[in-house]
Protein chains: 2
Amino acid sequence: MDAKTYYLELRAKVFKALGHPSRLKMIESLFEGERCVCELQEIVGSDISTVSKHLTILKEAGIIADDRRGVKIYYTLQMQCVAGFVGCLNDFLGKRLQEQIVAHEEVKASSGG
Amino acid sequence: MDAKTYYLELRAKVFKALGHPSRLKMIESLFEGERCVCELQEIVGSDISTVSKHLTILKEAGIIADDRRGVKIYYTLQMQCVAGFVGCLNDFLGKRLQEQIVAHEEVKASSGG
DNA sequence: TTCTTTTTTGGCATAATAGCCAAATAATAG
DNA sequence: CTATTATTTGGCTATTATGCCAAAAAAGAA
């Protein structure tokens with residue numbers, strides 16, 4: 001495999017890792033600071049083994065890092081630009097949804113009156 | 001399903017759509033401007049039916065839009081902030097790779113003499 | 001209408017992912 | 001050492017994704 005393909009796959013791996021509701025939720029929680037696995041489990045509500053596997057995927061993509069302190073392992077966000085993009089994404093999706101609502105109301109107004 | 005979960009899934013859907021090398025490659029090509037399906041097929045090299053299905057996924061996530069002109073369909077990037085994030089991602093991955101190379105050379109230097 | 005070009009859709013085989021349980025591992029306390 | 005707590009790993013099944021081919025659809029030209 002050539003270098004270009006390798007880098008493309010590294011980038012895609014980051015998106016893929018974020019492309020699951022539980023993983024994205026955990027990452028968004030890490031925007032506010034570090035969390036241990038048990039805290040993240042409470043947030044997503046899955047089995048702890050499932051949470052652990054999700055965290056491995058995020059770590060292997062380079063998005064988070066782990067830090068063991070005693071018996072607990074704390075995860076932190078490494079890839080800070082994810083936070084900015086999620087903000088932009090929210091703006092975009094919010095606007096689009098607003099447009100859909102407006103368009104829907106226009107249809108109702110023209111058909112109803 | 002509640003609204004929060006729905007919005008979380010919309011965000012995750014965007015990441016998921018971008019989490020495939022061929023789809024990401026097509027999107028990165030759209031940073032430079034619109035492309036028809038046949039152009040995108042040349043870029044990724046898969047069967048045109050596969051490319052079409054990838055484009056459907058990107059469209060349903062709200063990332064791109066299509067515009068038919070005659071017999072051709074042109075796709076354009078709708079979610080501009082993707083470009084900024086991909087740039088940030090490249091910087092991040094580039095730096096991380098550089099650090100790994102430096103670390104590797106230090107290991108060689110200390111073990112070699 | 002028929003022919004051609006471009007794109008999408010249906011169907012199918014194969015591969016990858018998700019999530020649970022049970023078991024293993026890691027650190028610490030007693 | 002044993003017990004406890006936190007986390008990971010193995011193994012399994014069910015679901016989902018991928019990619020190709022063949023066929024359908026959509027637009028325009030002759």
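Values reported hereafter were calculated over all heavy atoms of this structure, with side chains retained and with hydrogens, waters and symmetry mates removed. Quick caveat: nothing in here was measured; it's all calculated off a predicted structure. Within every chain, numbering begins at 1; the chains are lettered A, B, ... in the order of the sequence lines, protein sequences first and strands thereafter.
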Quick tally for nucleotides 10-20 of chain C: nucleotides whose base has a protein heavy atom under 4.0 Å get B, sugar-phosphate-only ones S, the rest -, giving BB----SSSSB
Under a 4.0 Å heavy-atom criterion, the protein footprint on nucleotides 24-30 of chain D, written with B, S and -, is --SBS--
Exercise for review: Indicate the ring-plane relationship of B/Phe15 and A/Phe85, choosing parallel, tilted or perpendicular according to the 30° and 60° boundaries.
Suggested key: perpendicular
pair_partner(C/dG30), Watson-Crick or wobble, both distances < 3.5 Å, evaluates to D/dC1
Using atom [atom1] of [X] as one end and atom [atom2] of [N] as the other, report the distance to the nearest whole Å.
| X | N | atom1 | atom2 | value |
| --- | --- | --- | --- | --- |
| B/Lys72 | C/dT4 | NZ | P | 18 Å |
| A/Asp66 | D/dT7 | CG | P | 11 Å |
| A/Ile48 | D/dT8 | CD1 | P | 8 Å |
| B/Glu39 | C/dT6 | CD | C1' | 12 Å |
| B/Gln41 | C/dT5 | CD | P | 15 Å |
| A/Glu9 | D/dT18 | CD | P | 13 Å |
| A/Leu55 | D/dT9 | CG | C1' | 14 Å |
| A/Tyr75 | D/dT7 | OH | C1' | 8 Å |

Sorted by chain and residue number, the salt bridge (Lys or Arg N to Asp or Glu O under 4.0 Å) partners of B/Glu105 (sequence neighbours excluded) come out as none
Hits for side chain to side chain donor-acceptor pair (under 3.5 Å) against B/Glu42, two or more places apart or cross-chain, chain-then-number order -> none
B/Ser29 and B/Ile43 have their tightest heavy-atom pair at OG-CD1, 3.3 Å
Base, sugar-phosphate or nothing for A/Tyr74? Non-hydrogen atoms, less than 4.0 Å.
nothing
Next on the checklist: Students often get this wrong, so: under 4.0 angstrom with heavy atoms, is B/Ile73 touching a base, only sugar-phosphate, or nothing?
Outcome noted: sugar-phosphate
Sequence neighbours excluded, the answer for side chain to side chain contact (heavy atoms under 4.5 Å, CB included) partners of A/Gln100 is A/Arg96, A/Leu97
Across all chains, not counting sequence neighbours, the side chain to side chain contact (heavy atoms under 4.5 Å, CB included) partners of B/His54 are B/His20, B/Ser22, B/Arg23, B/Met26, B/Thr50
Validation row: A/Phe31, A/Val82 side chains within 4.5 angstrom (heavy atoms):
yes
Can you check whether A/Ser46's main-chain N or O pairs, donor with acceptor, with A/Gln41's side chain at less than 3.5 Å? yes
Check: Think B/Arg69 forms a cation-pi with B/Tyr74, using NZ or CZ under 6.0 Å from the six-ring centre and within 45 degrees of its axis?
Finding: yes
